[in-house]
There are 2 protein chains.
Amino acid sequence: MPKKKTYHHGDLKNALINAGVEILAKDGVSGLSLRKVALKAGVSHSAPYSHFVDKQALIAAISTEGFRQLYERVSAVADEYKTKPSRQMIEVAWAYVQFALDDRDRFKVMFSDVLEKEKEYPEFIAESQRNFQLLRMIVEANQASGKLRSGPSDLVALSVWGIVHGFVMLLLEGQISHTVLEKKSVRELVEFQLKQIMLD
Amino acid sequence: MPKKKTYHHGDLKNALINAGVEILAKDGVSGLSLRKVALKAGVSHSAPYSHFVDKQALIAAISTEGFRQLYERVSAVADEYKTKPSRQMIEVAWAYVQFALDDRDRFKVMFSDVLEKEKEYPEFIAESQRNFQLLRMIVEANQASGKLRSGPSDLVALSVWGIVHGFVMLLLEGQISHTVLEKKSVRELVEFQLKQIMLD
DNA sequence: GCTACAATCTTGACACTGTAAAGATTGTAG
DNA sequence: CTACAATCTTTACAGTGTCAAGATTGTAGC
């Protein structure tokens, strides 16, 4: 897609989101400023305000887009292992972990307190709930094949998400001791985590 | 403790930490600025630099202090239920959750990406590992009484921490759907989470 | 095709932030 | 009592989010 230097950018909104993701990957969350994002997108420092009322709004958009991509990846994996109940859960969890490790700072932004008033961003809420519903369906499939305890699927899904998400967070924060990481690979650790909660 | 208006504050370092905690509770993480902290402590905006090289360093100190208090509470509860293996784990988890809910923003700061280069703050690392070792001991006690699966206690501790911590995070981020929260109290949800991983 | 409008982008400004440098004040070791 | 080191203030600067005013441009209606 060739870029003409017109006054009107054409697709600035998405350009800003992408620029934000790149900056996030390179400079981390503390390096993410509206002005840098604007600069990277090749517009003036105030241009973003035509598309986002706030810095928070841009962050919300970045997070929302992140959830969309997460959904893509997880649902693809879930689909791929649809016929293998014994592996589906671990592969889904692994995809989740990889997504986090792939883009650590974006993942952190998606879940951490950077976005303060989530309630004000309905798209963000919708997209994150869509992810939860996906997990819930996967959980129900696993319950049906006896891989997971029965019980309210939303609560069990919460457990599964919690155990994996908690692990990822501790991993990203560097709170998992070096000695543990030396003994097991991350993949093995995820597997171990899941085995604690899964039946067999 | 009466405050004399001397040039030398006397205990500015701790005063700054406490001021930081207060501001965190009132204005959240985005409202936490070095200058406000200094103002609240009654000193000039540059005074903090005599005690902390960075804003990050102050945040590290706040987090470290938070971990100390968390240790206090968790170890007290663990001790209290030392002779009741059936309840110890849930009470410990509940104390953890309450600690988070008590001071949401400080808890978030302790675990979220606000503190970027944790490695540079050995006290912070030490204090958080001390907490993990405490949990590990509790886990070993629960393994001994058959409440938890056997296996490497550090890994099992990781699972327990992960499942509770993940739940708390999702709770704090408002990612737990309203409908779930209507059906069960938070305490019940914690219990449900733990039951997924505990034996009986 | 022309025109008026609305969307988009730029410029300039402001208050607030973290941080550095230089100097003022004070406790304390010798 | 004095010199020094620790502590605190003052001043300054670049970077930040945000707002208001104006410039540019696509486009709907004639």
> Regarding B:Arg130 and the six-membered ring of B:Phe67, is the cationic atom NZ or CZ under 6.0 Å from the ring centre and inside 45° of its axis?
Replying inline: no

> What is the base-pairing partner of C:dT3, counting Watson-Crick and G-U wobble geometry with both distances under 3.5 Å?
Replying inline: D:dA28

>> Quick check on side-chain contact (heavy atoms from CB on, under 4.5 Å): which of B:Val168, B:Leu171, B:Ile176 does B:Val186 satisfy it with?
In response: B:Leu171

> For the pair made of CG in B:Leu32 and P in C:dT17, what is the distance, rounded to whole Å?
Replying inline: 11 Å

>> What is the distance, to the nearest angstrom, from the CG atom on B:Asp27 to the C1' atom on C:dC16?
In response: 14 Å

>> What residues from residues 43-54 of chain A pass a heavy-atom cutoff of under 4.0 Å to DNA chain C?
In response: A:Val43, A:Ser44, A:His45, A:Ser46, A:Ala47, A:Ser50, A:His51

> Which word best sums up how the rings of B:His165 and B:Trp161 line up, parallel for under 30°, tilted for 30 to 60°, or perpendicular for over 60°?
Replying inline: perpendicular

> Can you tell me how far P of D:dT10 sits from CG of B:Leu39, to the nearest Å?
Replying inline: 13 Å

> If you round to the nearest 0.5 Å, how far is CG of B:Leu39 from CG of B:Leu34?
Replying inline: 12.5 Å

> Could you state the CG-C1' distance from B:Leu34 to C:dT17, rounded to the nearest angstrom?
Replying inline: 9 Å

> Taking any strand in view, what nucleotide pairs with C:dT8 in a Watson-Crick or G-U wobble way, both distances under 3.5 Å?
Replying inline: D:dA23

>> Under 3.5 Å, is there any donor-acceptor pair linking the side chain of A:Arg35 to the base of D:dG15?
In response: no

>> Counting only heavy atoms from other residues, nucleotides and ligands, does the tally under 6.0 Å from NZ of B:Lys13 exceed 12?
In response: no

>> Would you compute the distance between atom CG of A:Leu189 and atom CG of A:Leu194 and round it to the nearest 0.5 angstrom?
In response: 11.5 Å

> Counting any heavy atom closer than 4.0 Å, what does A:Lys13 reach on the DNA or RNA strands: base, sugar-phosphate only, or nothing?
Replying inline: nothing

> What is the distance from CG of A:Leu16 to C1' of C:dT10, rounded to the nearest Å?
Replying inline: 14 Å

> Which residue pairs pass the ring-ring contact (aromatic ring centres under 6.0 Å, His included) test when at least one of the two sits in residues 26-56 of chain B, sequence neighbours left out?
Replying inline: none

> Over how many whole Å does the gap from A:Asp11 atom CG to C:dC9 atom C1' extend?
Replying inline: 15 Å

> Could you state the CD-C1' distance from A:Gln56 to D:dT16, rounded to the nearest angstrom?
Replying inline: 14 Å

